[in-house]
Amino acid sequence: MSTIMPRKVSPAAFTKALSGFRSIVGKDWVFDSDEDRQSYIDPYAMGDGLDHDCSAVVAPASTEEVRAIVRVANETKVPLWPVSRGKNLGYGAASPAEKGNVILDLSRMNKVLEVNEKFAHCLIEPGVSFFDLYAHLDAKKIPLWMSTPGNSWGSVVGNALDRGIGYTPYGDNTEQLCGLEAVLPDGDLVRTGMGAMEGSAGWQHYKYGYGPGWDQMFCQSNFGIVTKAGLWLQPEPEMTAKIDLAFPKFDDAAWAIDILADLRRRDVIQHNIVFGSPVRAASTMSQRAQWYDGPGAIPDAACEEMMKKLGIGWWNAKISLYGHAATVKAHVALIRSLFEPRIGKELTFELWQQGDPPDKSARGIPSTLGLQSVNWYGGRGGHLSFAPVMPSDGTLILDYARKIKAYYEQVGQDYYASFTIGRRHVNNVSLILYDRDDPAMVTRVDKLYRHLVQEAAAHGFAEYRGHISYMDVIAQTYNFNNGALGRLNDKIKACLDPNNIIAPGRNGIGTNRA
C-alpha cells in the first residue's frame, strides 16, 4: 500500500491522528488504503487526479464526532478537507485542494431533522442529498417544494454553502439558508442567528439574530464545518406554467436577455433563467461525433444541423411561472405580448394546477440528466466551469459572447455557453467539456480556462465559484487595494484556525505557499 502524507506532518503524528480518528468513529469509518483513496479521486480530473490525492478519509456520524476529530487534528496538525457528500462535480468533487489532506466525509450525517409545513422550512444535516429531501417531502405528502441543481446527487447544504444555483423561485440556495450549526477550528460549537439562544423558537424564522450575521461567514470559506443548516422551502403554488423559448440567431441574445432580465428583476419570472447555446442542449442527449467528427472546434454549420433536428434555437431558455391562477395567467399573457411579435409565432404554455399529476408541474424534481454532457467527446469525460458574474445587459453580453466563442474556436474547443439570469446579474457559465485521457485536450482546456479568467477580469467580471486547481488563480483577480479582501480572509483564518487544519487553501484562504 502506498502512503500519502499530509504536508509538514511527521509519520508518527499521522499515525497518531489515524489512531485517534478510529477511536472516535470506529475502525470501519477511517479509510486509508489505495482502493479507498482512489474512490475519492475527482471523477472529472484532468489526468489521473493524483495531484489532489488525499492521505486518508474519516467519516463521522454526529456533530460530537466532528468536534472530537477536529480536536485530534489540532493536536497532531493534520489538515482536514470537509465535504458534505463529495459530489461537487466540475469543481473537484471530494478531492482536496492541497494534496495529502484527510477528507472529512460528512455523508453519514444524512438526517432530515425537521420539516415545518406551516412555516415552510426544514433543518437538515450536510449528508442530505437533493434526492433525499425530495423523497422525504414526497413520501409524507408535504406541499412544500425545493429547488434542485443539475446534479441532484449532491448535498443540499453543500450546494447552498458553495453558492450553487437551482432553477425554481427558491433557486438561490444560499439565500434560503436560515440558521447554521458549525464546528469551529478549535472544536467549539456555534449556532448562528436566533439559534444562538438556548431553546430558540425562531431559529429558522429569522436569519440575523443579534449583532453580526455569521451565516455567510461559513459560505465558500474554511472558517468552520457546518453540521446542521436551516433552509426555507417554497409553499406549493396554486398554478404553474412552463414554456421552452428558442431564439434562432446568435445576435438574438441582445434583445432577448434584456427582456428576460427585466422580467426577472420585476419577479414576473421568479427563478434564475438559463439561456443556453446549441451544444449545451445537444450534449445531454447526444455525442459530438453524431454532428461533427473533425479537428478543431465544432463549426456553426453543425450547430445549425443540431438546431434543425432537435428543434432548438441558437439560444434556448426554459421559463416557469408560479403563483395564484389569475397571476400566472396574467403573466402568460404579458410574456406572449413581449415575445410573440419578435419570434413570429404563438407561444404554447403548459399549465398545471393543484390536483394535477406533480410531474407536470414546474416543481424542482431531482435529476442527474445534466451530467450526461460529459460524454460529449467520448472517453472518460469531464467538465470544467468558468462562470463570471456580469451585469444583465444584453448588448454587453452579446459582445462578450462573440469574443469568448472566437477564443474557444481559436484553441479548438467546442463553444458551450449558458447565461444564468438573476435579478441584477448574469452568470456566464462557460462550460468546457473534455476527454480527461486526451493529454492534448487537457492542455488546451487549461490554457482556455486561464485565458477566460484573465479575459473576464479585464472587463471587470470575476468568477463566483472555483475549481480546486484554480482557487488561487481566481482569488488573485479580487485585487482591489492590492488584494485587501484576501488579507482580510487570511487574518480571520489565522485567528480562528492558527494551525490551518480546516481546508487549507479553499478559495485561496490559508494557502500553504512555502
Side-chain angles (χ1 to χ4, degrees), residues 6 9 14 16-32 36 40 54-88 94 96-98 101-114 123-129 132 154-162 177 179-192 195-196 203 214-215 217-231 493 496-504 506 509-510:
V9 174
F14 185 55
K16 180 179 179 181
L18 293 188
S19 177
F21 296 156
R22 289 187 176 104
S23 71
I24 295 163
V25 301
K27 63 182 179 61
D28 291 341
W29 298 108
V30 177
F31 318 120
D32 63 342
D36 288 330
Y40 282 81
C54 67
S55 56
V57 181
V58 56
S62 69
T63 297
E64 285 308 310
E65 288 185 356
V66 174
R67 296 182 71 186
I69 289 166
V70 168
R71 293 187 190 107
V72 169
N74 265 296
E75 181 184 347
T76 58
K77 307 299 189 293
V78 168
L80 302 171
W81 184 265
V83 297
S84 298
R85 286 181 52 79
K87 302 298 184 184
N88 199 12
E98 181 182 278
N101 286 183
V102 172
I103 293 174
L104 182 67
D105 182 349
L106 304 176
S107 61
R108 293 177 67 207
M109 298 174 62
N110 60 358
K111 298 184 189 71
V112 178
L113 299 167
E114 178 193 357
L123 182 66
I124 57 179
E125 292 184 325
V128 174
S129 72
D132 294 334
S155 161
V156 179
V157 174
N159 180 276
L161 293 176
D162 207 33
L177 289 172
L180 304 178
E181 176 186 271
V183 176
L184 297 181
D186 62 357
D188 202 1
L189 186 67
V190 65
R191 287 185 173 179
T192 66
W203 193 15
W214 293 110
D215 282 15
M217 184 181 81
F218 297 106
C219 292
Q220 289 193 4
S221 81
N222 48 14
F223 299 150
I225 302 165
V226 173
T227 51
K228 294 182 181 67
L231 198 78
K493 179 67 170 173
L496 293 176
D497 189 5
N499 294 321
N500 201 16
I501 59 133
I502 305 295
R506 175 168 279 168
I509 305 169

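Here, residue 1 is the first one in the sequence, and each next residue gets the next number.
For the residue pair P82 and A503, the shortest heavy atom distance occurs at CD-CB, 3.9 Å. The minimum heavy-atom distance between I69 and P60, with the atom names listed, is CD1-CB, 3.8 Å. Heavy-atom minimum distance, E65 versus A61: OE1-N, 2.7 Å. The minimum heavy-atom distance linking A59 with F31 is given by the pair CB-CE1, 4.4 Å. The two residues T76 and A17 make their nearest non-hydrogen contact at OG1-CB, 3.5 Å. A pairwise comparison of heavy atoms in P79 and V9 identifies CD-CG2, 4.3 Å as the closest pair.
Expressed to the nearest 0.5 Å, how far CG of N88 lies from CG of N159 amounts to 8.0 Å. With rounding to the nearest 0.5 angstrom, the OG atom of S84 is 9.0 Å from the CG atom of D105. The line from OG of S55 to CG of L18 is 7.0 Å long, rounded to the nearest 0.5 Å. The distance from atom CD1 of I225 to atom CG of L80, rounded to the nearest 0.5 Å, is 6.0 Å. Here NZ of K228 is found 8.5 Å from NZ of K111. Values are rounded to the nearest 0.5 Å.
Counting heavy atoms from C-beta outward, K16 and E75 have side chains that approach closer than 4.5 Å. A 4.5 Å side-chain heavy-atom check between V57 and D32 finds every atom pair outside the cut-off. At least one side-chain heavy atom of V226 sits under 4.5 Å from a side-chain heavy atom of V157. Residues W29 and F21 have side chains not in contact (no heavy-atom distance under 4.5 Å, counting atoms from C-beta outward). Side-chain contact between V66 and M109: present, with at least one pair of heavy atoms (C-beta onward) separated by less than 4.5 Å. Within the 4.5 Å cutoff, the side chain of P185 has no heavy atoms near those of the F223 side chain. The side-chain heavy atoms of T227 and E125, taken from C-beta on, include no pair separated by under 4.5 Å. When side chains are defined from C-beta on, I124 does not count as touching L113, because their heavy atoms never get closer than 4.5 Å.
Proximity of a side-chain donor or acceptor of N74 to a complementary backbone N or O of V70 within less than 3.5 Å is detected. Judged by distance alone, with hydrogens and angles left aside, the side-chain atoms of K77 form no donor-acceptor pair with the main-chain N or O of F14 at under 3.5 Å. One N or O on the side chain of T192 and one on the backbone of L180 form a donor-acceptor pair closer than 3.5 Å. In this structure, W81 contributes its side chain and E98 its backbone to no donor-acceptor pair below 3.5 Å. Put simply, the side chain of N110 never gets that close to the backbone of V128: no donor and acceptor are under 3.5 Å apart. A donor-acceptor pair is defined here as one N or O able to donate and one able to accept, closer than 3.5 Å; such a pair exists between the side chain of S155 and the backbone of P126. Panel note: side chain N499, backbone I501; no donor-acceptor pair is recorded below 3.5 Å. At distances below 3.5 Å, at least one donor-acceptor pair connects side-chain atoms of R67 with backbone N or O atoms of G187.
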So Q220 and I509, side-chain contact (heavy atoms from CB on, under 4.5 Å) or not? Walk me through it.
CA-CA 10 Å; Q220 289 193 4; I509 305 169; over 6 Å; no

Intermediate values then yes/no, side-chain contact (heavy atoms from CB on, under 4.5 Å), L177 and C219:
CA-CA 10 Å; L177 289 172; C219 292; 4.0 Å; yes

After noting the C-alpha distance and the side-chain angles of V30 and V25, does the key distance pass the side-chain contact (heavy atoms from CB on, under 4.5 Å) rule?
CA-CA 8 Å; V30 177; V25 301; 3.7 Å; yes

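With 3.5 Å as the limit, one finds no donor-acceptor pair spanning the side chains of N222 and D497. The closest side-chain donor-acceptor pair between T63 and E181 falls under 3.5 angstrom.
Among the candidates V102, L106, N101, the single residue satisfying the side chain to side chain contact (heavy atoms under 4.5 Å, CB included) test with L104 is L106.
The side-chain tip of R191 does not point at the ring of W214 from less than 6.0 angstrom away and within 45° of straight on.
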